[in-house]
Trainee: 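There's a structure below that I have some questions on.
Since the model is a prediction, treat every value here as computed from it, not as a measurement. Start at 1 with the first residue, then count along the sequence.
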Amino acid sequence: MTEGTAELAHEVLIRRWPTLRRWLEEDREGIHLYRRLCDAARLWDAAGREPGDLYRGTRLDSALEWAETNGALLNETERDFLNASVEESAQALRSRETANRRLRRALVAGAGLLVAALASLVFALASRHDAVRASASARSQALAAESQAQVGRDPQLALLLGRAALASAPTTQAQLAASEALDANTARSQLPSLGVQGCASSNYLVLLDRGRIAADNTCDGSVAFADLANNRIIRRVHIGPSTTDMILDRSGRALIVASGRNLVTVDVRTGRVRRIFTAPFEIEQVAGPPGDFLAIADRERIALVDLRRGRTRVIAHGDTSVNGVNGMMSAGSHVVLIASTGQSQGHGDLLPRLTALDVLNGRRWTVPLTSPPHVAAVVYLRVSPDGRMWFITGGEVNAQHNDQVATTWAIDARARRVRWTATGPPGAFASPVQTSPDGRLVAVGYSTGAADVLDAATGRLVVRDSSSSTVASGDLALAAGDKLLVTASLDGLLRTWSARGSERLRLQAPANTAVDFTPDGKNLVLIGNAGEIVDRSGAIVRRFPGFPAGSVFNYCNSCFAASPELGWLTYPDPASASPRIVEIEGRTGRRVAAVTVHRLEAQGVAPDGRIVATYVESGQLFAQVIDPRSGHVRAFAPGASSVGCFATTPSFTPDGHLMAIVDGCTHVVVWDVRTGQVRRTVLLPEHASSSVVISPNGRYVLVPVPGGAFARADLASGAIVEVPGTKAPGNALAVSPDSRFYAIGREDGTVDEYNARSLRVVRHRALANAVKTLVFSPDSRELAVVDTSDVLRLWDTCDVCENPTRLAKLAAAQSVRTLTPSERATFNAP
């Protein structure tokens, strides 16, 4: 036994020594660990002390823990083994930490690069999105510009381009272009083609069943019946090798069709064909009902037909070489109207250009259409339903310069003189002409492919229908009710058009007439020398007395005033020596009162009927309010003005609480009517060019200023915004009752409608004459416009014009065709 150790003399001691046996049991794990350590150290040393044989991890940790209490048992080799294992593990740990640091740095660098890459990707995507959006916006604006350029030439194409612009990007330019195209577009339907019509002797159009069915004779010798309501061809009836002229018989139940030498009837209900006459020559023209005769003609002969005896009697001759027969129509019970091609009579007995022939006595006469150096080339003719007007079409040629312009002449049949002349496209000629069943409209087709609808009484243009092949020597007809124009063209297509465009109403008002809506918005009130209330068709509902409008407007055009919806109307008495204001009820003409004032520059009337007299004196704007019933006069506090200015007509809010007057210079004064005190004075940036308008909600005052613009002043803050316009001065300004829309009319005939919130133009229109009056309907959905020729037009206010989705749907609904491949390529449309 030595210190700390003992050597067993015999193993029997283990069995007989309990304490020793317990000690051995308790250290059994340590003994095993020690044995493994000894073996590992020995093998490591024998193998040349390879690092791969050293302890690592948990084995090293267990060995070191055991060695802390039993290190004395280790020999030198075993201690070297443990020390080498510790050193190797420390080196491996340092290597791992170094690698981890490098990995972390690599990961951080990689993450940075990834973030940078992602940022670059996001930037690239954003840039690409911006580029795509900019490209789409530029494309949209280009298509919108082209759409606006096509509005006057081909509104249907303009509408298609407007749709394409909206589809590319809903820019403000695209919205305006689409709304303008919708306003100009009159196309309503396009039926399947009957085939290209290459002959010049067909395409005579007859409307049946109050315009619901159209019959058209074609070059292949057929008559086609089309259902216009459902856009389909319902029947094709073969007549013969060809068809030339076609008219409706007296009963209205059959068509009389010329085919070669034959006249046949076609039952419009069943399509049954029956031959009724064979002529001794080829029939090119037919004239009949409503006259008491049936006449036929070729290029040289005109003959009456006796159907009972099967005979003909020639009653006139043309000259094929210089004055051939070009058209023929019944113009009364015994008068036939003949159009011929010549400027001289030639060898025949027809007069040049136009002959009215009495079939009973052979008497003939004409009506001069032009005077030198102009000559008329007559193409076609039509007689009004009542027989009082003849409409002749063709061209007027300047013999000195050889310039030609398409022309329509309206002839008074009784007076035998030209009542009016209407011109169409230069360089073209007018061909088919048709009157509406009620005689109020005339439709004229041109060789260029356009068609005009004219006012039959005046010849003024109502609307022009334009397309690449609208009429082109075909025919046209107006349906009952003046609402639908039907055209047959050389491309074999039947098309329908709105006979009044997008307008709700157009009528010729008397001169010097004030216009407004009735309170319910259903009718319109017109009052001048006489008063009348008209419905939406233009029919007069009621007449009532007016006022001496001619004298009043000659005396003081700017002094006339009216309350909303023409409840009250006031004007200065032109017969009074002293300033005197007369008030009448605007919708009955009943005189209410007449008041005399000591000074008057302008006057107005409040919604409750009180009269306002105003003037400028000593650099101040004065206003006094007069109750016409009691005679009570109330002077308002003077407003600011300048020397040399002149008061204009007052404007009121609908509740009558606010009144605004512009002094004709740069001051706008707003009064609180209840207190008579000045509520706000606005100093305009430029001189006003017309009277002030106060918005119905009392928030703004608007004043036209030079350059076709208007200024809007906020009454709460005094802030002023000037909205630019065209060069022409503004004549009229209106605000819708719901304060959503502004409208300005100018001397050049342009009318712009603005969204009151964005101050963007949502509709632009152009008239031939200066605008005189603008007024919105009570529900703000319609705008009435009167020009200086006293033509009244009624338009919708286009409440969808700033909603691209609804605008696109509306444009799609009114498109009767799609872009052709060549159009798509030309305009690069999507």
Trainee: Give, for atom CG of L478 and atom OG1 of T487, the distance between the pair rounded to the nearest 0.5 Å.
Mentor: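 Answer rounded to 0.5 Å: 11.0 Å.
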
Trainee: Taking the side chain as everything from C-beta on, heavy atoms only, tell me whether W420 gets closer than 4.5 Å to T408.
Mentor: yes

Trainee: Between R506 and V462, what is the shortest heavy-atom contact and its length?
Mentor: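 So the minimum-distance heavy-atom pair works out to NH2-O, 2.5 Å.
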
Trainee: Closest heavy-atom contact between R269 and R235?
Mentor: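 Shortest heavy-atom contact: O-NH2, 3.1 Å.
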
Trainee: Would you compute the distance between atom OG1 of T435 and atom CH2 of W390 and round it to the nearest 0.5 angstrom?
Mentor: 14.5 Å

Trainee: Taking D779's backbone N and O only, do any of them form a donor-acceptor pair with D738's side chain (distance below 3.5 Å, no angle check)?
Mentor: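 Pair absent, no side-chain N/O of D738 close to backbone of D779.
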
Trainee: Side chains of S179 and Q175: any donor to acceptor distance under 3.5 Å?
Mentor: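 Result is no, nothing qualifies.
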
Trainee: Yes or no on side-chain contact (heavy atoms from CB on, under 4.5 Å) for R740 and S780, after CA distance, side-chain angles and deciding distance?
Mentor: CA-CA 8 Å; R740 289 179 56 205; S780 301; over 6 Å; no

Trainee: Should R188 and Q814 be marked as a side-chain contact (heavy atoms from CB on, under 4.5 Å) after you check the CA-CA gap, both sets of side-chain angles, and the distance that decides it?
Mentor: CA-CA 7 Å; R188 293 295 174 262; Q814 293 196 20; 3.8 Å; yes

Trainee: Between S330 and A287 (side chain of the first, backbone of the second, donor and acceptor by atom type, cut-off under 3.5 Å), is there such a pair?
Mentor: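 Side chain of S330 to backbone of A287: no pair is present.
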
Trainee: Do T496 and S189 pair up side chain to side chain, a donor and an acceptor below 3.5 Å, judged on atom types alone?
Mentor: yes

Trainee: In sequence, state the C-alpha distance, the side-chain angles, and the governing distance for L454 and L461, and then conclude on side-chain contact (heavy atoms from CB on, under 4.5 Å).
Mentor: CA-CA 5 Å; L454 309 174; L461 179 67; 4.0 Å; yes

Trainee: Could you check whether any side-chain heavy atom of F391 comes within less than 4.5 Å of a side-chain heavy atom of V444, counting everything from C-beta outward?
Mentor: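 SC-SC contact between F391 and V444 ruled out.
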
Trainee: With distance as the sole test, does R253 use its side chain to make a donor-acceptor pair with the main-chain N or O of D267 at under 3.5 Å?
Mentor: no

Trainee: May I ask you to test the I247-M329 pair for a side-chain heavy-atom distance under 4.5 Å?
Mentor: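 With C-beta onward as the side chain, the pair stays apart.
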
Trainee: Check whether E180 reaches the backbone of R765 with its side chain - one donor and one acceptor, N or O, closer than 3.5 Å.
Mentor: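 Side chain of E180 to backbone of R765, a donor-acceptor pair under 3.5 Å: no, none is there.
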
Trainee: For K772, does its backbone N or O pair with a side-chain atom of T788 as donor and acceptor, under 3.5 Å?
Mentor: no

Trainee: Could you tell me if T458 and Q508 have a donor-acceptor pair between their side chains, going purely by distance under 3.5 Å?
Mentor: no

Trainee: Aromatic rings F741 and F776: how do their planes relate, parallel, tilted or perpendicular, breaks at 30° and 60°?
Mentor: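 Taking F776 first and then F741, their aromatic rings lie parallel (interplane angle under 30°).
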
Trainee: Of the non-hydrogen atoms in S259 and I239, which two are nearest, and what is the gap between them?
Mentor: CB-CG2, 3.7 Å

Trainee: So, are E823 and R817 salt-bridged, with charged N and O less than 4.0 Å apart?
Mentor: yes

Trainee: Roughly how far, to the nearest 0.5 Å, is the CG atom of N523 from the CG atom of D516?
Mentor: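 Output value for this atom pair is 12.5 Å.
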
Trainee: Looking only at the side chains, is there a donor atom on one of R163 and S815 sitting less than 3.5 Å from an acceptor on the other?
Mentor: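 A donor-acceptor contact under 3.5 Å links the two side chains.
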
Trainee: When rounded to the nearest 0.5 angstrom, what distance separates OG in S777 from CG in L794?
Mentor: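 Taking OG in S777 and CG in L794, the distance rounds to 7.5 Å.
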
Trainee: Considering only NZ, NE, NH1 and NH2 on the basic side and carboxylate oxygens on the acidic side, decide whether D787 and R793 come within less than 4.0 Å.
Mentor: yes

Trainee: For A428, does its backbone N or O pair with a side-chain atom of S447 as donor and acceptor, under 3.5 Å?
Mentor: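 Such a contact is absent between S447 side chain and A428 backbone.
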
Trainee: Show, in sequence, the C-alpha distance, side-chain angles and deciding distance for D475 and D216, and conclude whether the side-chain contact (heavy atoms from CB on, under 4.5 Å) test is met.
Mentor: CA-CA 9 Å; D475 201 4; D216 179 34; 5.9 Å; no

Trainee: Answer with yes or no whether the side chains of S822 and T820 bring together a donor and an acceptor at under 3.5 Å.
Mentor: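 The criterion, which ignores hydrogens and geometry beyond distance, is satisfied for S822 and T820.
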
Trainee: When you compare the side chains of R746 and T750, does any donor N or O come within less than 3.5 Å of an acceptor on the partner?
Mentor: yes

Trainee: Measure the shortest side-chain to side-chain distance between L157 and F827 over non-hydrogen atoms and say whether it is less than 4.5 angstrom.
Mentor: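 Answer yes - side chains close enough.
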
Trainee: Within the structure provided, determine whether R236 and T218 are in side-chain contact (heavy-atom separation under 4.5 Å).
Mentor: yes

Trainee: Do T243 side-chain atoms and G221 backbone N/O form a donor-acceptor pair below 3.5 Å?
Mentor: no

Trainee: Are any of the side-chain heavy atoms of F225 and L255 separated by less than 4.5 Å?
Mentor: yes

Trainee: Is the backbone N or O of N326 less than 3.5 Å from a side-chain atom of Q285, with the two atoms forming a donor-acceptor pair by type?
Mentor: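 At least one qualifying donor-acceptor pair exists.
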
Trainee: Search all heavy atoms of W409 against all heavy atoms of T421 and return the closest pair with its distance.
Mentor: CD1-OG1, 3.6 Å

Trainee: Measure from the side-chain N and O atoms of S147 to the backbone N and O of A158, and report whether any donor-acceptor pair falls under 3.5 Å.
Mentor: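 Yes: the side chain of S147 pairs with the backbone of A158.
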
Trainee: Report yes if some heavy atom in the side chain of L524 is under 4.5 Å from a heavy atom in the side chain of L505; otherwise report no.
Mentor: yes

Trainee: Quick check for you: to the nearest 0.5 Å, what is the distance between D438 atom CG and S384 atom OG?
Mentor: 11.0 Å

Trainee: Please name the pair of heavy atoms, one in L208 and one in A215, separated by the smallest distance, quoted to 0.1 Å.
Mentor: CD1-CB, 4.3 Å

Trainee: Considering residues, nucleotides and ligands other than R781, do more than 12 of their heavy atoms fall under 6.0 Å from its CZ?
Mentor: no

Trainee: Looking only at heavy atoms, what is the nearest atom pair of G730 and I744, with distance?
Mentor: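 Smallest heavy-atom distance, with atoms named: CA-CD1, 4.3 Å.
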
Trainee: Any side-chain donor paired with an acceptor under 3.5 Å for Q197 and N203?
Mentor: no

Trainee: Would the distance check show the side chain of T171 and the main-chain N or O of S137 forming a donor-acceptor pair, the cut-off being under 3.5 Å?
Mentor: no

Trainee: How about T818 and L160: do any of their side-chain heavy atoms sit closer than 4.5 Å?
Mentor: no

Trainee: Cation-pi check for W795 against R763: NZ or CZ below 6.0 Å from the six-membered ring centre and within 45 degrees of the axis, yes or no?
Mentor: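 R763 over W795 ring: no.
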
Trainee: Could you state the interatomic distance from CG (L205) to OG (S489), rounded to the nearest 0.5 Å?
Mentor: 10.5 Å

